[in-house]
Amino acid sequence: MDSILENLTVPQLEAVTHRDGPMIVIAGAGSGKTRVVTRRIAWLISQGVWPSQILAMTFTNKAAREMRERVEALVGQAPRSIGTFHGCCARFLRRDIDKLDCGRNHDFTIYDDEEQKTLLKQCIKAAGKIPRGLTPSLLSTAISNSKNGRKSLAAALQDDDYLDLLPVIEKIAEDYEKRLQECNAVDFDDLLLLTVRLLEEVPGMADIYHNRFRYLLVDEYQDTNHLQYQLIMRLANEEQNVHVTGDPDQSIYSWRGADYHNIMSFTQDFPNAKLVKLEQNYRSTPTILNAANSVIENNSRRIPKELFTENADGRLITELLAHTDRHEAEWIVRKTRRLRQNGHSWRDCAVFYRTNAQSRVLEEAFVKAGIPYQLLGGLRFYERKEIKDFLALLRIKVNPSDAVAFERVFANFPICEGLGGKALAELQNAAALAHQPVVTYAASEAYRAGLKGRSQKTERLRRLSNWLRQLLETPATPVATAVQEIERFTDFMRQLELQHGQDNLLERRENVQSFLERAQNFTNDNPEADLAAFLEDVALVADVDSHDPQADGVVLMTLHSSKGLEFPYVFIAGVEEGVLPHARATARPGALDEDLDQLEEERRLFYVGITRARRAVYLSHVALRFQYGGYKPSSPSRFLEEIPPGLVRRFLYRNGDEIPMR
DNA sequence: AAGACGGAGGTTTTT
DNA sequence: CCTCCGTCTT
């Protein structure tokens, strides 16, 4: 109990010990937000609230894990319902989706973006002649906006260019929903949407959840979209113990539907809400904070907030102009080496950039200098082709209606060589006629009996059918055994070679090996769990956070990924017009309001980057940036002018020397 | 059914 | 400039 309330400032204490009724904590960067949330959960438990009555939702698995671990450390136990929005919703749906009329059952599969696009491509194809420009990604954005905003497709398609295509788009979207249902699958947005519908449409359901969860905590509230907002509103009971935490100045995901107005209007949604502002920063030097404050003040429509610190004064911010991006990278390399010589670790340095494309020059420079680095972002483990192929096997086993996974198997496994689109279509039609899931049908005795003759194609289909039968007959538990067994009988490792040749063979083998280990770890942690649970873990929970704080290396990542982290030394590369702010956020005459919103989001991104730094910030920009195959002139970002000149030392980098500029 | 060619586009991506 | 699609060819 003592430790729960130890070392807290007055506003922090106020937030931690707020018992009943709604509360919003506006927590500035580095103000100890996580500490407050975890202490509050611990405090509630210490006050006699049952852990099972607490539901805490975050955006990332990392945040959820951290929260759980810290609560456990404080009170020896933690609520089971600490998780991501999507993870919590998936759990609710596994339990209750059968009660909702939505065409799925509790064995549903979760489709990621790639699978969603695959399905959409099929819908586009089925729709026949489609005007050019109606791409899967445009459609997925429209469908996602429509679900996230709970509005019609017409309303979701802000882009007038495509409004005349509305009937076609609606038709495709309808087809997409139909196919999802046929596959017994949901997309990421559906996890939230169907949960909200569950609460709205199934009589008595809302009451059950209201009784179950008496305390609701939401992290990063500024990043919630309308659907998440509705979820929170439907989950809140008459006690209104809704506690949200966030920082509107760190809202950087509006392009994904996040609406920071949710946090701005919380006190209107809950007029008796308690408002706590955490403005004392424990992370950065006053120099860094002053710079950050000055920048963010240029945004309109803010909740006024001024971060302050009692930390000692620090170094001035370094601004550097280099000739090209190669020189910029070279300078960053030199700076990190110097810091290392002065007794810091490589991992004390982080380099942020606006776009992933910028990472390449930086990587090359670090490789050339022989300095270790960790690159974050890029392809995630479970998005690798060989892993997705293997996962497809597991998925058709768990959910034989999963047509997308089946098509993946069909297209990628050597056993299906010589069988193409036509054979697949025939199989699918026959399965539909037999009213059976395609995989069940293809693996059935009846199907094999119907295969007459000895033609090459028939032999291939027979072989495939037996192979599928074997897959379905493999015992599904324990998970690790099932996964190993499937790897063995499909000879997956060895087939890798035949499939894609020698390219990166070693890496691909390691990935599969690592996947088998993950399955083993999962089984050790959850001995009772079945394959379906493992697949859900893979789809939602098992993010490999590639940022390993143990490993020593300079950390490279986008500004977006840097949110929530901190480093002693922060470099931001490419602080230029067109890069930061990004060209897409500035250009375009007309539509002024939207442009302003986008520009302000870019500014928040810059703000997030600066406030990651504990001791020093280095901002660099170049005269010529290599882009689209040529050097293009680049000018300093307008954001640089927003930092008071007294806080900055400016240098020109030439021939390996820093030349002071006035 | 698999390889070759041409054109368009080229941010950020918690789940 | 390079990569990703979609289409066309064998």
Side-chain angles (χ1 to χ4, degrees), chain A residues 57-65 83-90 110-114 116-117 121 124-125 130 132-138 140-141 144 147-148 186-193 219-220 222-225 227-228 250-258 352-360 376-380 382-383 410-411 416-424 456-457 460 536-543 545 547 557-565 574 578-587 598 601-602 604-606 608-609 626-632:
Chain A
M57 290 189 287
T58 65
F59 277 85
T60 67
N61 292 303
K62 200 175 157 208
R65 197 183 322 126
T84 63
F85 276 97
H86 293 84
C88 292
C89 286
I110 300 165
Y111 278 2
D112 67 12
D113 295 351
E114 191 187 326
Q116 184 189 37
K117 293 232 166 75
K121 275 183 206 160
I124 292 171
K125 211 169 203 170
I130 293 293
R132 279 193 326 123
L134 206 52
T135 58
S137 68
L138 184 128
S140 75
T141 309
S144 182
K147 287 181 181 178
N148 281 327
V186 303
D187 61 28
F188 281 139
D189 299 321
D190 286 332
L191 289 171
L192 303 169
L193 181 60
D219 196 24
E220 306 277 20
Q222 79 281 355
D223 286 336
T224 50
N225 61 35
L227 191 51
Q228 285 156 334
Q250 293 185 66
S251 157
I252 54 175
Y253 283 102
S254 79
W255 50 277
R256 292 201 83 193
F352 304 151
Y353 35 82
R354 176 65 237 265
T355 68
N356 280 310
Q358 291 169 256
S359 71
R360 194 142 160 201
L376 269 78
L379 254 204
R380 294 216 308 274
Y382 288 106
E383 286 165 2
F410 212 88
C416 304
E417 219 157 80
L419 297 169
K422 207 167 152 217
L424 176 68
Q456 197 183 32
K457 188 177 161 192
R460 282 172 175 161
E536 181 173 314
D537 194 73
V538 166
L540 294 177
V541 186
D543 70 333
D545 32 338
H547 175 42
M557 70 178 102
T558 62
L559 282 159
H560 281 91
S561 333
S562 77
K563 199 177 71 170
L565 303 174
V579 179
L580 181 64
H582 195 273
R584 281 286 184 87
T586 51
Q598 290 190 30
E601 181 145 315
E602 297 287 312
R604 291 193 289 270
L605 203 47
F606 188 46
V608 165
F626 192 83
Q627 220 178 355
Y628 306 144
Y631 282 98
K632 310 269 155 44

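A, B, ... follow the sequence lines: proteins, then strands. Residue 1 opens every chain. Being a predicted model, the structure only gives us computed values, none of them experimental.
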[N] phosphate, OP1 or OP2: any side-chain N/O from [X] under 4.0 angstrom?
{"X": "Thr558(A)", "N": "dT13(B)", "answer": "yes"}
{"X": "Asn356(A)", "N": "dT12(B)", "answer": "yes"}
{"X": "Arg584(A)", "N": "dG10(B)", "answer": "yes"}

### Query
Where the side chain of Asp113(A) is concerned, which of dT12(B), dC1(C), dT15(B) is the nearest nucleotide?
dT15(B)
[N] [atom2] sits how many Å from [X] [atom1], rounded?
{"X": "Lys117(A)", "N": "dC4(C)", "atom1": "NZ", "atom2": "P", "answer": "13 Å"}
{"X": "Lys62(A)", "N": "dT14(B)", "atom1": "NZ", "atom2": "P", "answer": "12 Å"}
{"X": "Lys632(A)", "N": "dC1(C)", "atom1": "NZ", "atom2": "P", "answer": "10 Å"}
{"X": "Leu138(A)", "N": "dA8(B)", "atom1": "CG", "atom2": "P", "answer": "17 Å"}
{"X": "Gln228(A)", "N": "dT14(B)", "atom1": "CD", "atom2": "C1'", "answer": "10 Å"}
{"X": "Arg360(A)", "N": "dC2(C)", "atom1": "CZ", "atom2": "C1'", "answer": "9 Å"}
{"X": "Tyr628(A)", "N": "dC2(C)", "atom1": "OH", "atom2": "C1'", "answer": "12 Å"}
{"X": "Asp189(A)", "N": "dT14(B)", "atom1": "CG", "atom2": "C1'", "answer": "13 Å"}

Pick base, sugar-phosphate or nothing for [X], based on heavy-atom distances below 4.0 Å to the nucleic acid.
{"X": "Lys563(A)", "value": "nothing"}
{"X": "Asp112(A)", "value": "nothing"}
{"X": "Phe85(A)", "value": "nothing"}
{"X": "Ser561(A)", "value": "sugar-phosphate"}

### Query
Who pairs with Asn225(A) by side-chain contact (heavy atoms from CB on, under 4.5 Å), at least two apart in sequence or on another chain?
Asn148(A), Leu227(A), Gln228(A)
### Query
Partners of Glu601(A) by side-chain contact (heavy atoms from CB on, under 4.5 Å), sequence neighbours excluded?
Ser251(A), Ser254(A), Trp255(A), Arg604(A)
### Task
Give the intermediate values and the outcome of side-chain contact (heavy atoms from CB on, under 4.5 Å) for residues Phe606(A) and Leu559(A).
CA-CA 8 Å; Phe606(A) 188 46; Leu559(A) 282 159; 5.8 Å; no
### Query
Using the P atom in both, what is the distance from dC4(C) to dT11(B), to the nearest Å?
12 Å
### Message
Say we look at dT12(B) and dT3(C): how far apart would their P atoms be, to the nearest angstrom?
### Response
16 Å
### Query
In Å, rounded to the nearest 0.5 Å, how long is the span from CD of Gln250(A) to CG of Asp223(A)?
9.0 Å
### Task
Run the salt-bridge test on Lys117(A) and Asp112(A) with the 4.0 Å N-O cut-off and return the result as yes or no.
no
### Query
Starting at the 5' end of DNA chain B, which residue's closest nucleotide do you reach first, Ala423(A) or Leu559(A)?
Ala423(A)
### Earlier contact from the 5' end, DNA chain B, for His560(A) and Lys422(A)
Lys422(A)
### Stepwise salt bridge (charged side-chain N to carboxylate O under 4.0 Å, His left out) check, Asp187(A) with Lys147(A)
CA-CA 10 Å; Asp187(A) 61 28; Lys147(A) 287 181 181 178; 2.8 Å; yes
### Task
Determine if Trp255(A) stacks with dT11(B); use a centre-to-centre distance below 5.5 Å and an interplanar angle below 30° as the criteria.
no
### Message
Looking at Arg256(A) and dT15(B), is any side-chain donor or acceptor paired with a base atom of the opposite kind under 3.5 Å?
### Response
yes
